[in-house]
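Okay, structure first, notes after.
Quick caveat: nothing in here was measured; it's all calculated off a predicted structure. FYI, side chains are in, hydrogens and waters are out, and symmetry mates aren't considered; it's all heavy atoms of this structure.
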Amino acid sequence: MKPSGEEPVLLAELKPGRPQRYDWKSSCETWSVAFSPDGAWFAWSQGHCVVKLIPWPLGEAELSCKTSERKSRGSKAETWSRGAAKEKTLECGQIVWGLAFSAWPAAEDGDTDPACAVGLPCLVLATGLNDGQIKVWEVQTGHLLFSLLGHQDVVRDLSFAPNGSPILVSASRDKTLRVWDLSRDGRQVQVSSGHVLWVYCCSISPDCSMLCSAAGEKSALLWSMRSYTLIRRLEGHQSSVVSCDFSPDSALLVTASYDACVIMWDPYTGEQLRTLRHVPLYSMLDSSSEIHTSSLRSVCFSPEGLYLATVADDRLLRIWALELRSPVAFAPMTNGLCCMYFPHGGFIATGTRDGHVQFWTAPRVLSSLKHLCRKALRTFLTTYQVLALPIPRKLKEFLTYRTF
């Protein structure tokens, strides 16, 4: 794999069509963006207590016109459609902080629930709200399926089990993580209280064995998804950890912090493998400013596991190749808050404080055969299992990402 030096190109920018309101319930920030696992839907918390559900890909008119407004006309608005998929507006009633898609289990033959057609899995979207509620919606119809109650403060982030099971994890400013089972009418099955400050982020590993959570602390916590017990505390940052993500094979974990660094970890051993430092591009930045202009907001892995995207307060979207310690591409963006790769690669979505969402090109790469083999092996072998194999040391180093 050779990293591309091409800079990300802005394909489209969507803006909310509502006038800004200045009351306690009408925050305009896009705190979260999400693609459905199959890449068929995009969700956007566009501020003003509204989530837009948009069929993907965008229409040709929107991709050719880089800026367009999305009007909100009520909870049943369907302002744009292509085929059977129709854009929807979800009126959540509270500021929306977290979003997460998952595939709902297929209905059984005897199941008469109208929300799911027999044999067809229903896609659901969970929304984390300002008042501590979690609302779960059926995407195709826009119907509200569950209102999950339990958190005492803002639900900042959400993560479904990537294997399609109905397990949802939520992270909140009430300093807890909660686990919900949607197959049991949204029953709360676990409350984890290891953090002492607001929890900003939670991420379940693709193999569903681990959960990482990040709070306003200098460490991230790694939990077992089988027993919901704490495995280890990952310490190494010098300021609040605010974002985390696992690699597609679960072999790597990255954490992003206000200290302007991303740390790449081996989650099985707790070892720090690499530190990516966000150095300002422009020497004319005011070093006397009280705000750390490179404070990180979001980090995410690319679908093939060879790149990272980061959003920082220095008004840059950065793309990093795993084997390098410096970015391979930059794009200017103002007031960025979050980023997410399209599940099939080639695009990155970013959200801003102004309530906008932007779509950028991302490097498309043909993975090397050796990386594909490593990725396949690491989906079912832990680091300790790799180290126990009767193979040469250099091969072990490659398979455990000590070398690239």
The side chain to side chain donor-acceptor pair (under 3.5 Å) partners of Asp38 (sequence neighbours excluded) come to Ser36
Closer than 3.5 angstrom, by distance alone: can the side chain of Ser32 be matched with the main-chain N or O of Gly98 as a donor-acceptor pair? no
Separation of Leu276 CG from Ser326 OG (nearest 0.5 Å): 9.0 Å
Rounded to the nearest 0.5 Å, the OG1 atom of Thr334 sits from the CG atom of Asp354 at a distance of 7.5 Å
Mind checking whether Ile95 and Leu129 have side chains closer than 4.5 Å, heavy atoms only? no
Can you run down the salt bridge (charged side-chain N to carboxylate O under 4.0 Å, His left out) pairs that involve residues 386-395, sequence neighbours left out, and say none if there aren't any? Arg393-Glu397
Given His356, which of Gln46, Lys15, Glu13 fulfils the side chain to side chain donor-acceptor pair (under 3.5 Å) condition? Glu13
Atom pair OG/CG of Ser45 and Leu337 - distance to nearest 0.5 Å: 9.0 Å
Got Met333 and Leu316 here, is their nearest side-chain heavy-atom distance under 4.5 Å? no
Using a 6.0 Å cut-off, check whether atom NZ of Lys175 has over 12 heavy atoms from anything other than its own residue. no
Of the non-hydrogen atoms in Phe404 and Lys370, which two are nearest, and what is the gap between them? O-NZ, 4.2 Å
Please check this pair: side chain of Thr400 against backbone of Lys396, looking for a donor-acceptor N/O pair closer than 3.5 Å. yes
Would you please name every residue forming a ring-ring contact (aromatic ring centres under 6.0 Å, His included) with Tyr341, sequence neighbours left out? none
Side chains of Leu234 and Val241 in contact at under 4.5 Å (non-hydrogen atoms): no
Of all residues at least two apart in sequence or in a different chain, which pass the side-chain contact (heavy atoms from CB on, under 4.5 Å) check with Lys218? none
Between Ser159 and Ala100, which heavy-atom pair has the shortest distance, and what is it? N-CB, 4.3 Å
Just checking, is any N or O donor in the side chain of Trp97 or Asp157 under 3.5 Å from an acceptor N or O on the other one? no
Looking only at non-hydrogen atoms, find the nearest pair between Ser170 and Val155 and report the distance. CB-CG1, 4.1 Å
Is the shortest heavy-atom distance from the side chain of Pro16 to the side chain of Cys28 under 4.5 Å? no
One should read off an interatomic distance between Ser250 OG and Ile204 CD1, to the nearest 0.5 angstrom, of 11.0 Å
Within the structure provided, determine whether Leu123 and Pro37 are in side-chain contact (heavy-atom separation under 4.5 Å). yes
Within the 4.5 Å heavy-atom criterion, are Leu99 and Trp31 side-chain neighbours or not? no
Is there a donor-acceptor contact under 3.5 Å from the side chain of Gln152 to the main chain of Gly150? yes
Residues passing the side chain to side chain donor-acceptor pair (under 3.5 Å) test with Thr310, sequence neighbours excluded, are His278, Trp320
Scanning both residues in full, the closest heavy-atom pair of Val124 with Phe160 reads CG2-CZ, 3.9 Å
So, does His151 use its side chain to make a donor-acceptor pair with the main chain of Gly128 at under 3.5 Å? no
Ring centers of Phe342, Trp56 separated by less than 6.0 Å: yes
Checking the side chain of Thr127 only, and the main-chain atoms of Lys135 only, is there a donor and an acceptor separated by less than 3.5 Å? yes
Counting N and O atoms only, with roles assigned by atom type, does the side chain of Lys52 sit under 3.5 Å from a partner on the main chain of Thr89, one being a donor and the other an acceptor? no
Please lay out, stage by stage, how Leu182 and Phe146 fare under the test side chain to side chain contact (heavy atoms under 4.5 Å, CB included). CA-CA 8 Å; Leu182 300 192; Phe146 301 105; 4.1 Å; yes
Ser247 side chain to Ala251 main-chain N or O, any donor-acceptor pair under 3.5 Å? yes
The side-chain contact (heavy atoms from CB on, under 4.5 Å) partners of Met340 (sequence neighbours excluded) come to Val33, Ala34, Phe35
Listing request: all salt bridge (charged side-chain N to carboxylate O under 4.0 Å, His left out) pairs with a residue in residues 260-274, at least two apart in sequence or in separate chains. Asp266-Arg402, Glu271-Arg402
Checking side chain to side chain contact (heavy atoms under 4.5 Å, CB included) for the pair Leu177/Leu211: CA distance, chi angles, key distance, verdict? CA-CA 10 Å; Leu177 295 159; Leu211 167 71; 4.2 Å; yes
Test of understanding: with side-chain contact (heavy atoms from CB on, under 4.5 Å), list the residues that count as partners of Cys373, not counting sequence neighbours. Leu369
Got a second to check how far Leu58's CG is from Leu14's CG, nearest 0.5 Å? 6.0 Å
Candidate pair Val51 and Trp44, rule side chain to side chain contact (heavy atoms under 4.5 Å, CB included), full reasoning: CA-CA 5 Å; Val51 171; Trp44 164 30; 6.0 Å; no
Is it the case that the side chains of Ser213 and Trp223 hold a donor-acceptor pair, with the cut-off being a distance below 3.5 Å and no angle test? yes
Tell me, do Thr383 and Leu399 make a side-chain contact under 4.5 Å, heavy atoms counted? no
Thr255 meets the side chain to side chain donor-acceptor pair (under 3.5 Å) criterion, sequence neighbours left out, with His237, Trp265
Apply side-chain contact (heavy atoms from CB on, under 4.5 Å) to Ser203 and list each qualifying residue two or more places apart in sequence or on a separate chain. Cys244, Asp245, Phe246
Quick one: pull up OH in Tyr307 and CD in Glu323 and give me the separation to the nearest 0.5 Å. 7.5 Å
For a quick check under 3.5 Å, do Glu138 and His143 share a side-chain donor-acceptor pair by atom type? no
Minimum heavy-atom separation for Cys339 to Val311, with atom names? CB-CG2, 3.7 Å
Would Arg297 and Tyr200 count as a cation-pi pair here, with the cationic atom under 6.0 angstrom from the ring centre and within 45° of the axis? no
With a cut-off of 3.5 Å and sequence neighbours excluded, list every side-chain donor-acceptor pair involving residues 184-194.
from	atom 1	to	atom 2	distance (Å)
Gln188	OE1	Arg178	NH1	3.2

For Phe398, is there any backbone N or O sitting under 3.5 Å from a side-chain donor or acceptor partner on Arg374? yes
Got Arg378 and Val386 here, is their nearest side-chain heavy-atom distance under 4.5 Å? yes
Which residues pass the side chain to side chain donor-acceptor pair (under 3.5 Å) test with Ser257, sequence neighbours left out? Asp259
Closest non-hydrogen atom pair between Lys86 and Lys88, with its separation: O-NZ, 3.0 Å
Determine, step by step, whether Asp207 and Thr379 satisfy the side chain to side chain contact (heavy atoms under 4.5 Å, CB included) criterion, reporting the C-alpha distance in whole Å, the side-chain angles of both residues, the deciding distance to 0.1 Å, and the verdict. CA-CA 7 Å; Asp207 66 1; Thr379 57; over 6 Å; no
May I ask you to decide if Thr176's main-chain N or O and Ser172's side chain share a donor-acceptor pair within less than 3.5 Å? no
